[in-house]
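Heavy-atom basis, side chains included; hydrogens, waters and symmetry copies ignored. For reference, positions follow the sequence shown, starting with 1.
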Amino acid sequence: MRFSPHQGSTVDIVYLCSNKSTTSVTAAEIQRISAGIGHSERRLQPRVKRGWNRLSAEQQAAAVSRYSSGVTSTALAQDYGVAKSTILRILREARVVVRRQPLTQDQVGEAARLYESGLSLSQVAKRLDVNQETMRTAILKAGVVLREPTRANPHKCAHLTYPPQLS
């Protein structure tokens with residue numbers, strides 16, 4: 001069955017491309033059909049492939065060596081043009097013990113400000129999406145004095161009974 005450009009619409013083209021269609025339509029035919037349907041000047045653009053940077057074995061060895069000499073994983077990722085997770089994967093595959101990922105000065109300042117505004121340690125850690133103990137250690141090092149942990153006040157809840165009594 002041949003499809004005339006004047007017979008259908010974009011929906012028909014989509015159907016022709018689906019696995020439910022009984023006709024086989026080539027990409028060239030779809031372009032011809034779609035050119036005859038709409039008044040749109042839209043042109044098919046080739047897909048742009050994302051450029052993945054793969055590190056050679058030599059680059060991976062150099063990254064491991066540089067990390068072992070003290071360069072941070074963030075700096076290595078920037079230098080090699082890859083994601084930090086790529087560097088961490090390479091280090092783990094090389095059986096290198098990965099150092100703790102400390103908070104930046106901005107993160108420490110924000111954590112201190114949020115904690116001093118009244119948020120709990122766990123609330124601050126959750127808001128900044130960091131490990132609570134890492135954040136706690138960092139704000140202590142920055143001179144923040146921690147509040148006493150909050151505990152449920154048993155006298156405050158003495159009037160509540162369990163199970164609840166229905167009146």
Side-chain angles (χ1 to χ4, degrees), residues 10-11 13-15 17-20 27 30 34 40-167:
T10 305
V11 173
I13 293 174
V14 171
Y15 176 76
C17 297
S18 77
N19 58 3
K20 294 181 180 180
I30 291 173
S34 64
S40 168
E41 292 297 319
R42 185 172 163 229
R43 303 229 185 259
L44 296 176
Q45 298 293 325
R47 284 184 100 165
V48 177
K49 285 191 171 185
R50 180 175 176 178
W52 295 100
N53 290 335
R54 296 198 182 263
L55 300 183
S56 67
E58 294 81 20
Q59 289 174 313
Q60 289 183 25
V64 169
S65 175
R66 290 179 62 201
Y67 183 82
S68 297
S69 69
V71 179
T72 66
S73 56
T74 303
L76 290 170
Q78 289 172 345
D79 290 350
Y80 290 105
V82 297
K84 183 177 173 178
S85 60
T86 300
I87 296 295
L88 294 175
R89 179 187 48 78
I90 290 167
L91 295 172
R92 289 187 180 105
E93 287 174 356
R95 305 269 189 244
V96 174
V97 176
V98 178
R99 297 184 295 267
R100 292 185 110 195
Q101 306 295 310
L103 302 182
T104 65
Q105 287 297 85
D106 288 343
Q107 287 175 310
V108 173
E110 180 69 2
R113 186 187 69 71
L114 291 169
Y115 181 75
E116 289 172 340
S117 76
L119 293 180
S120 70
L121 289 171
S122 59
Q123 289 170 326
V124 173
K126 186 174 183 177
R127 182 167 299 177
L128 296 178
D129 194 28
V130 296
N131 178 278
Q132 181 177 332
E133 186 57 26
T134 302
M135 186 269 307
R136 181 186 157 285
T137 303
I139 64 172
L140 280 172
K141 197 182 262 186
V144 174
V145 177
L146 298 183
R147 301 183 297 270
E148 285 292 317
T150 56
R151 290 180 173 73
N153 184 344
H155 301 295
K156 214 177 192 181
C157 303
H159 67 283
L160 299 176
T161 59
Y162 186 81
Q165 302 295 321
L166 299 176
S167 357

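- In this structure, R147 forms a cation-pi arrangement with Y115, its terminal cationic atom sitting closer than 6.0 Å to the ring centre and no more than 45° off the ring axis.
- By the side chain to side chain contact (heavy atoms under 4.5 Å, CB included) test, R127 is found to be paired with L114, L119, residues two or more places apart in sequence or in another chain being considered.
- Shown here for Y80 and I87, the closest heavy-atom pair between the two residues is CD1-CD1, 4.3 Å.
- Listed for the S65 side chain is no donor-acceptor partner under 3.5 Å among the backbone atoms of A61.
- Of all the heavy atoms in V98 and R92, the pair that sits closest is CG2-CG, 4.0 Å.
- To the nearest 0.5 Å, atoms CG (L121) and NZ (K126) are separated by 15.0 Å.
- Of the possible donor and acceptor atoms, one in the side chain of Q60 sits under 3.5 Å from a partner among the backbone N and O of L55.
- One distance of note links OG1 of T86 with CG of L91; it measures 10.5 Å at 0.5 Å rounding.
- In this structure, Q123 contributes its side chain and S120 its backbone to a donor-acceptor pair below 3.5 Å.
- What you find for S68 and V96 is that their closest heavy atoms are OG-CG1, 4.5 Å.
- Heavy-atom contacts from other residues, nucleotides or ligands closer than 6.0 Å to CD of Q105 number 12 or fewer.
- Of the N and O atoms on the side chains of T72 and T74, not one donor lies less than 3.5 Å from an acceptor on the other residue.
- Between M135 and A111 the shortest heavy-atom distance is CG-CB, 3.7 Å.
- In plain terms, the two heavy atoms of R66 and S69 that are nearest each other are O-OG, 2.8 Å.
- Checking side-chain atoms of Q78 against main-chain N and O of A75 turns up no donor-acceptor pair under 3.5 Å.
- Here E116 pairs with V144 under the side chain to side chain contact (heavy atoms under 4.5 Å, CB included) rule; sequence neighbours left out.
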